[in-house]
Amino acid sequence: MAPKSADKKRKASVQEELSDDEFNDLDFDGALSQSEDEFEAVSTDEEDEEDDGDNDASEAEEEDDEALHSDDIPSDEEEVNDAIEKLLKDKIEPGVEADGKDDDDDLTAEDARGQNDDDDDRPNYRVEKDANGNERYVYPEIDPVYDSDDSDAQAPENTIGDIPLSFYDQYPHIGYDINGKKIMRPATGDALDALLDSIEVPQGWTGLTDPATGKPLQLSRDELEILKRVQMNEIPVDGYDPYPDTVEWFTSFEEKMPLSAAPEPKRRFLPSKHEQKRVMKLVRAIREGRILPYKPPEEREKEEEEKEEVHYDIWQDEQPRDPHVMHIPAPKLPPPGYDLSYNPPAEYLPTKEEKEAWANQDPEEREKEYVPQKYDSLRKVPGYDMFVKERFERCLDLYLAPRIRKNRLNIDPNSLLPKLPRPEELKPFPTVCQTTYRGHDGRVRSLNIDPSGQWLASGGDDGTVRVWELLTGRQIWSVRLATDEAVNCVRWRPTKGTAILAAAAGEDIFLMIPPVLDPEAEQENRAILDVGFGHATSGQQAPLNVGQTPPAKWARPGTKLEDEGVLIRITVRSTVKVVSWHRRGDHFATTSPSGQRSAVAIHTLSKHLTQIPFRKLSGLAQTAHFHPSRPLFFVATQRMIRCYDLQKLELVKVIQPGARWISSFDIHTGGDNLIVGSYDRRLLWHDLDLSTRPYKTMRFHEQAIRAVKYHKGGLPLFVDASDDGSLQVFHGKVVTDLMENPTIVPVKVLKGHKVVSNLGVLDVDWHPKEPWVVSAGADGTCRLWM
Amino acid sequence: MDVTMADSTAAPETGSQVKVIFTTTEADLQLPESKRQLLVPADIRRYGLSRILNSESMLATPTAVPFDFLVNGTFLTGTLEDYLKDSGLSFETTVTLQYVRSLIPPVYQASFEHDDWVSAVDVLSQTSPAGRWSGDAFQQGRDRILSASYDGLLRIWNSSGQVIATSPASSLGGHSASVKAAKFLSNNQIASAGLDRTIRVWKYTESDDQFSGELRPTLELYGHKGPIESLEYEGTSKRILTASADGTIGLWSTSKSSAPAAPTELLPSTHSTKRRKISSSVSTAQRGPISLVPAHHAVFDPRDRTVGYSASLDHTVRTLDLATGLVVSTLATAHPLLSLCAVPRGSSPLLAAGTSARHIAMVDPRVSTTTTSVMTLRGHGNKVVSIAAAPDNDFSLASGSHDGTVRIWDLRSVRPAKKDEGGGIGGVSEPVYVIEREGRQGKKKSVTGDGCKVFGVAWDKTVGIVSGGEDKRVQINKGRDIFAS
């Protein structure tokens, strides 16, 4: 009974766990901790009960069981207490509580209760008086249930023994049963029955008479079968295996539950002396070489063959000798095959220059981390000198290693590229150099195409300004402005019908009229230049304070230059680097980075007047331009571009391209976009409406960018010129829609200028209408690309 | 299926024959009807076909006439077999071969050295326009070559390379700046124009020994405000047509009496403040233009002398009515145009316009046509600045380019344009011959023709192809009787 009850307990606990699981499934997180508590409470309860059961096992085990079965699953501490109380009650009044919960357990419980009732309510025997008057316990007849295999309870058996039945032929009975009562002869049928029986043999008819009963003996098919087997001398029972497999009860495997609990005998722990003797015998034999270790037969054969060959070291005590036909020197040992060896072959050893180059290189750039070194012997190889460093770096690697696994992005990199149109679709743009303008001695610093698109003006280190026929490359005109100063900038006056050229050489700005016009137009141009002289002499210029030098001096350059066509010389205080015209052609701005206070000056052509707009300028002014349509003025210092309103005279905007040193910038004809080139190799596109920061930064050049230029004739192109000798042409379309950003596509790299003393292309300009670019190179040429 | 069939039948057996039909458009070389069809070996080339045609049984020409053969609009370059294979045709197809007189490769003849870049060349010969206009006054064998140079001088050469006459310097009535265009008007008249915005008409006289001559200015024509880029002359009406960079076309008369007076404000002498006073010791008559039309590079119509055509840097080709001085029609092209040449063809000429985009656009100027760009001639490596039509046929051109070559084109050979060439607009032709500058032989050749640009080309029947350029030479190339006939 005890193992059964334990079983039940286990079952119950399983149930509880199950239901608990359900609860957990239904409830939310917040209750999770509570439910765990409950579970604990239940389990402790169970343990208690089990202890109880152990303590008074004999007495209250069943009740215990029942109580447990009938018990509800306690869900609270109070309920647990209730259950315990109930349990105690059940112990006092067992079997009271009925249980309707579990079907399986119900059945067994009922059975148990039925037995209990018999036991407890009345004794299962009667007390009767026997013949002697003694008490006699009469037990009720045991009623074997349907499939009880009590074979004794049969029909009354004849007890006459082994005598022929014929002895009783005269009697109506055929014998006596165990109680001494006569067993009456069964009635025999009449002759007709017998006849019928004999004709229609019933199932199992033998024709014999059962001596025990006197009835005809009938045998079933199975019984006949058994008889048959007996007759055949076979085993009568079907399916009996006379030779079953033996069960190996005692094996070498140690079972968990061995059949014998006897302790291991001592001999199992002691080394066998007999075995040791035999082993020692073998050992001795091996030592003496009588037993050889096993080898595959082929190997053995080979060894035996080798044993027969005898080798002699003929170079054993070789002395160095002069070469002789009859003397064969020992073959040289093959050199170590790689330069990491302590004794590498000579061709692996670096020369002195290579060693120096290696030492001078950055450790990251070195092709090898070591220099091959030669030592006479391994003994002379010193300790590894980089040991500590290497360990340190390894530790550093481990210490700085990222602790997060980096997820590799599985994205096609091409899909991340912005969808740009193909350059072929963005034609026209310049592609090849078609004309080279040769003639300048030294660098060409600046060039400019005149507004009609026929003439190219250039100025260079040789102090000359030259005018070229644009298409043929023929030099039309040349004038030497200075012998010791370079011409830093040449710019045509940007109005139609005029051919006035401004050129800056040193501290002078010259205004000139090259002979490319017909006499009538030339006369008009001269009038434009000369009108200011009248203005200056009539004293309309602002009066100067005593002692203050005027910001600039406007004068005639002298007859020699005047004959050449140079008409006005303006002398300012410091070297002018950049000249930039206002679109109407009456004003131009000059920038002299070294000029400090007077770095930027605005000159008025019609009044011969020079003004210095900035009293103070933070940073070195680099270049200055007028806005193409509005009265705005842009001044670039090294890092910033400031935009001033010329009418209100106030600072409107500060643009911060983020470049370290701005070299040049240009304003789109629309006026809302700006490109900036910088000496730190960056080309930046600014959208003035968008932000003060660049909309796009392009770093495609290997050297500083010297000049940038927008196409001014309606084509969406811009170009930059770099010290690496190349120009890059970009397609940059500015759309009128404010919501859409300009698309910038690099379309062409124009290479052709030679780099001379680290200077490549110094200036660049567009043809006013066509997609043609001219560039000024440090190699003394200008080039036309179309 | 068809293809495999064709392949199997086209399996080239040795000695397979192809049936050809000879046709031609040249009236004097017609074959009799019975001889037009012929079986020829499949591996025959142009030379073989040409010999067959020249043979006694066919044309029976007294001297061999070299022929070229057009198959389906392109010249036969390899064997017939190759052509059939390339175009995927069966060997059983009948091939129609149009035979034309072949262009003979021009051979270098001579170079005449100059002091400065040569900007323009012209030829006076029996067959040149000027020779024809002068009529009987032209003496046989007095072929002259005129070259205009950037040093402002005109030079007249005889065919053996001797300078017969040089124009006077600016102080003696010559050009004060570079000359950019010059033409013979007749055997004793020359017109030139250039950067000094004036057109000068010269009288040219030669001594009897034909080894010295004199150029005397007779007329100065004022009116242009910009450099004059080109100059054309029409002999029967005695009109000069000029194109200037100021965007105008000038029509001028060469006779003093009929020309209007010069605009005074453009005369150099009227301004006392002129920087370099030109004290010309020779006083020349000064006249103005008959009319100025706003356009650019101009030519006369070869048939109708009242019609002119002009090509401009602003991408347009204009048709001008010279009688009224009006622009009749304007055709826009895709590129700036730098040169123009009218190729006579039927009732209206075909215009060849050289572009800055390294090709020649063939433009049909008729208003009625739907497609204006007929054909594109591709091959030059730089701006095409000068075009000359062949003197005796209407299907070939010579073009001079800044890439330092003169290329000869045959308009009969056309292939459809490829996609990267902007397919769809007419056909594309490639040069038949390329003439390099002789002075540059052996030197490193640059594609863009740095230092050997060709500025002017003239093509004459007797003299050949004359070209001048940046290498300061006039170069004469001539096919050995370039059109054998």
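Below, chains carry the letters A, B, ... as their sequence lines are ordered, and counting in each starts from 1. What you are looking at is a predicted structure, and each value in this text was computed from that prediction instead of being measured.
Interface check for chain B: of the options A:Gln454, A:Glu770, A:Glu424, the most heavy-atom pairs under 4.5 Å are formed by A:Glu770. With respect to chain A, the highest number of heavy-atom pairs below 4.5 Å among B:Pro227, B:Pro336, B:Ala357 belongs to B:Pro336.
Looking at A:Leu784, only its side chain comes within 4.5 Å of chain B, counting heavy atoms on both sides. When heavy atoms are compared at a cutoff of 4.5 Å, A:Leu471 approaches chain B by way of both its backbone and its side chain. Only the side chain of A:Glu469 comes within less than 4.5 Å of a heavy atom of chain B; its backbone N, CA, C and O stay farther away. For a residue to count as touching a neighbouring chain, one of its non-hydrogen atoms must lie under 4.5 Å from one of that chain's; by this rule B:His315 touches chain A with the side chain only.
Closest approach of A:Gly473 and B:Trp117 over heavy atoms only: O-CH2, 3.6 Å. Closest non-hydrogen pair, A:Thr431 versus B:Arg358, comes out as OG1-NH2, 3.4 Å.
Note that the OH atom of B:Tyr150 and the OG1 atom of A:Thr472 stand 3.5 Å from one another [nearest 0.5 Å]. Atom OG of B:Ser401 sits about 7.5 Å away from atom CD of A:Gln434, to the nearest 0.5 Å.
No side-chain heavy atom of A:Lys769 sits less than 4.5 Å from a side-chain heavy atom of B:Leu313. Between B:Asp116 and A:Arg474 there is a side-chain heavy-atom pair separated by less than 4.5 Å.
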Verdict with reasoning, A:Thr435 to B:Lys383, per side-chain hydrogen bond (donor to acceptor under 3.5 Å, both in side chains): CA-CA 9 Å; A:Thr435 310; B:Lys383 301 177 280 284; 2.7 Å; yes

